[in-house]
S.K.: 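Below you'll find the structure I mean.
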Amino acid sequence: MKTAHDWINTLQLQHHPEGGWFKEVYRSSENIPAKGLPQRFPEARSMATAIYFLLEMDDISVFHRIKSDETWHFYDGDPLEIHVIDQDGNYQRNLLGLNPIEGYMPQVTIPHGQWFAACSLGKFTLVGCTVSPGFDFHDFEMASYTELTNQFPRHIELIKQFTKQS
């Protein structure tokens with residue numbers, strides 16, 4: 001089995017602002033014009049994008065949201081836990097891995113606009129993330145601890161664990 005550092009070096013991963021390591025490996029050469037997209041997109045977007053994403057044992061992907069749907073695909077390492085809070089404050093825990101009998105699914109989709117965070121349940125987890133319409137950093141919003149706890153006070157312990165507190 002490869003280690004996290006083997007994957008980081010082999011795939012030439014870089015630090016991601018939300019935590020973990022990543023590398024964009026696909027960006028569609030075709031765009032969807034703004035008039036063909038929902039109003040939340042101010043301009044054209046790639047049809048789709050894909051990245052490698054790796055979280056190590058003590059690393060987290062902090063709460064963030066994007067304007068597109070994002071599908072996570074399990075590749076290697078230990079299972080991953082993805083925490084989701086929707087616009088109404090409903091919480092869902094998703095388990096990404098290769099044991100459906102135990103609830104670990106090989107693929108999980110996070111609908112657009114929902115806050116989500118993740119952590120590896122072991123030494124490391126390597127996944128792929130596919131975003132459609134394609135990812136653009138203008139569509140990325142990292143959660144503020146204060147704003148998220150004010151909006152969803154019943155999830156304060158989870159928010160405390162998965163946000164950068166200032």
Side-chain angles (χ1 to χ4, degrees), residues 1-32 40-41 43-85 92-100 102-145 148 158-166:
M1 177 186 271
K2 289 186 179 260
T3 67
H5 292 285
D6 290 336
W7 281 118
I8 290 166
N9 293 331
T10 300
L11 299 176
Q12 301 176 345
L13 304 179
Q14 301 173 358
H15 284 284
H16 196 289
E18 78 195 43
W21 300 83
F22 86 108
K23 181 177 183 179
E24 183 175 278
V25 292
Y26 173 75
R27 179 168 291 274
S28 174
S29 62
E30 295 183 283
N31 288 326
I32 304 168
R40 66 183 177 271
F41 297 98
E43 55 196 24
R45 292 288 181 265
S46 294
M47 287 189 175
T49 55
I51 65 169
Y52 291 126
F53 186 67
L54 185 141
L55 284 172
E56 295 179 89
M57 180 186 310
D58 295 324
D59 204 3
I60 61 168
S61 168
V62 298
F63 270 111
H64 63 287
R65 64 181 172 185
I66 61 175
K67 294 181 180 180
S68 298
D69 294 349
E70 182 170 346
T71 300
W72 292 52
H73 314 267
F74 181 83
Y75 292 148
D76 194 21
D78 299 295
L80 185 82
E81 185 175 56
I82 305 171
H83 303 279
V84 180
I85 302 174
Q92 183 175 347
R93 178 177 178 246
N94 297 280
L95 299 172
L96 190 67
L98 297 177
N99 190 347
E102 297 292 322
Y104 298 92
M105 301 305 292
Q107 180 176 301
V108 171
T109 299
I110 310 301
H112 73 275
Q114 297 190 2
W115 293 105
F116 62 105
C119 64
S120 177
L121 294 176
K123 292 181 180 178
F124 78 93
T125 308
L126 174 66
V127 301
C129 298
T130 304
V131 176
S132 181
F135 180 81
D136 186 300
F137 268 105
H138 291 104
D139 302 336
F140 174 85
E141 181 182 1
M142 198 142 18
S144 154
Y145 170 78
L148 219 54
L158 184 67
I159 293 166
K160 190 181 296 183
Q161 184 180 353
F162 287 95
T163 55
K164 295 179 181 177
Q165 300 173 43
S166 47

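For the single chain, residues carry numbers from 1 onward in sequence order.
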S.K.: Between NE2 of His138 and CD of Glu43, what distance do you get to the nearest 0.5 Å?
M.R.: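 Answer rounded to 0.5 Å: 6.5 Å.
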
S.K.: Check the pair Met105, Asn94 against side chain to side chain contact (heavy atoms under 4.5 Å, CB included), reporting the backbone distance first and the verdict last.
M.R.: CA-CA 8 Å; Met105 301 305 292; Asn94 297 280; over 6 Å; no

S.K.: If I take atom OG from residue Ser61 and atom CE from residue Met142, how far apart are they, to the nearest 0.5 angstrom?
M.R.: 9.0 Å

S.K.: At what distance, to the nearest 0.5 angstrom, does CD1 of Ile66 lie from CZ of Phe140?
M.R.: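 Rounded to the nearest 0.5 Å, the CD1-CZ separation comes out at 9.0 Å.
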
S.K.: Which heavy atom in His73 sits nearest to a heavy atom in Cys129, and how many Å separate them?
M.R.: CD2-N, 4.4 Å

S.K.: Using a 4.5 Å cut-off on heavy atoms from C-beta on, say whether the side chain of Leu11 contacts that of Leu126.
M.R.: yes

S.K.: Can you confirm whether His15 sits close enough to Trp21 that some side-chain heavy atom of one is under 4.5 Å from a side-chain heavy atom of the other?
M.R.: yes

S.K.: Take Glu70 and Thr130, measure what side chain to side chain contact (heavy atoms under 4.5 Å, CB included) needs, and give me the verdict at the end.
M.R.: CA-CA 6 Å; Glu70 182 170 346; Thr130 304; over 6 Å; no

S.K.: Does the His64 side chain pair with the main chain of Val62, one donor and one acceptor, at a distance under 3.5 Å?
M.R.: yes

S.K.: Which atom names give the shortest non-hydrogen contact between Phe74 and Val127, and what distance separates them?
M.R.: CA-CG1, 4.3 Å

S.K.: Kindly give the heavy-atom pair with the smallest separation between Gly113 and Arg65, and that separation in Å.
M.R.: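 Heavy atoms only, the tightest pair is O-CD, 3.6 Å.
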
S.K.: When you measure from the side chain of Asp78 to the backbone of Lys123, do you find a donor-acceptor pair of N or O atoms at a distance under 3.5 Å?
M.R.: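 At least one qualifying donor-acceptor pair exists.
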
S.K.: Write down the atom of Ser68, the atom of Gly134, and the distance for their closest heavy-atom approach.
M.R.: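 Of all heavy-atom pairs spanning Ser68 and Gly134, the closest is OG-O, 4.3 Å.
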
S.K.: Over all heavy atoms of both residues, which pair between Glu56 and Ile8 is shortest? Give the atoms and the distance, please.
M.R.: OE2-CD1, 4.1 Å

S.K.: Please list, one pair per line, the donor and acceptor atoms closer than 3.5 Å that link side chains of residues 45-55 to other protein atoms, with sequence neighbours excluded.
M.R.:
residue, atom, partner, partner atom, Å
Arg45, NE, Asp139, OD2, 2.7
Arg45, NH2, Asp139, OD1, 2.7
Arg45, NH2, Asp139, OD2, 3.4
Ser46, OG, Arg27, NH1, 3.3
Thr49, OG1, Phe135, N, 2.9

S.K.: As an exercise, state the distance from CD1 of Ile85 to CZ of Phe162, rounded to the nearest 0.5 Å.
M.R.: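 Ile85 CD1 to Phe162 CZ: 10.5 Å, rounded to 0.5 Å.
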
S.K.: Does any N or O in the side chain of Asp69 come within less than 3.5 Å of the main-chain N or O of His112, such that one atom is a donor and the other an acceptor?
M.R.: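 Such a contact is found between Asp69 side chain and His112 backbone.
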
S.K.: Thr163 and Ile159: which non-hydrogen atoms are nearest, and at how many Å?
M.R.: OG1-O, 2.7 Å

S.K.: What pairs of donor and acceptor atoms, side-chain ones from residues 114-121 against any protein atom, are under 3.5 angstrom apart with sequence neighbours left out?
M.R.:
residue, atom, partner, partner atom, Å
Ser120, OG, Gly122, N, 3.3
Ser120, OG, Gly122, O, 3.4
Ser120, OG, Thr125, OG1, 2.8

S.K.: Walk me through it: do Phe124 and His5 pass the test side chain to side chain contact (heavy atoms under 4.5 Å, CB included)?
M.R.: CA-CA 10 Å; Phe124 78 93; His5 292 285; over 6 Å; no

S.K.: Let me confirm one number: the NE2-CG distance from His83 to Leu158, rounded to the nearest 0.5 Å.
M.R.: 5.5 Å

S.K.: State the CD-CD1 distance between Glu18 and Ile60, to the nearest 0.5 angstrom.
M.R.: 10.0 Å

S.K.: Excluding sequence neighbours, so at least two apart, what forms salt bridge (Lys or Arg N to Asp or Glu O under 4.0 Å) with Lys160?
M.R.: Glu157

S.K.: Report yes if some heavy atom in the side chain of Ile82 is under 4.5 Å from a heavy atom in the side chain of Leu80; otherwise report no.
M.R.: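 Yes, side chains in contact.
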
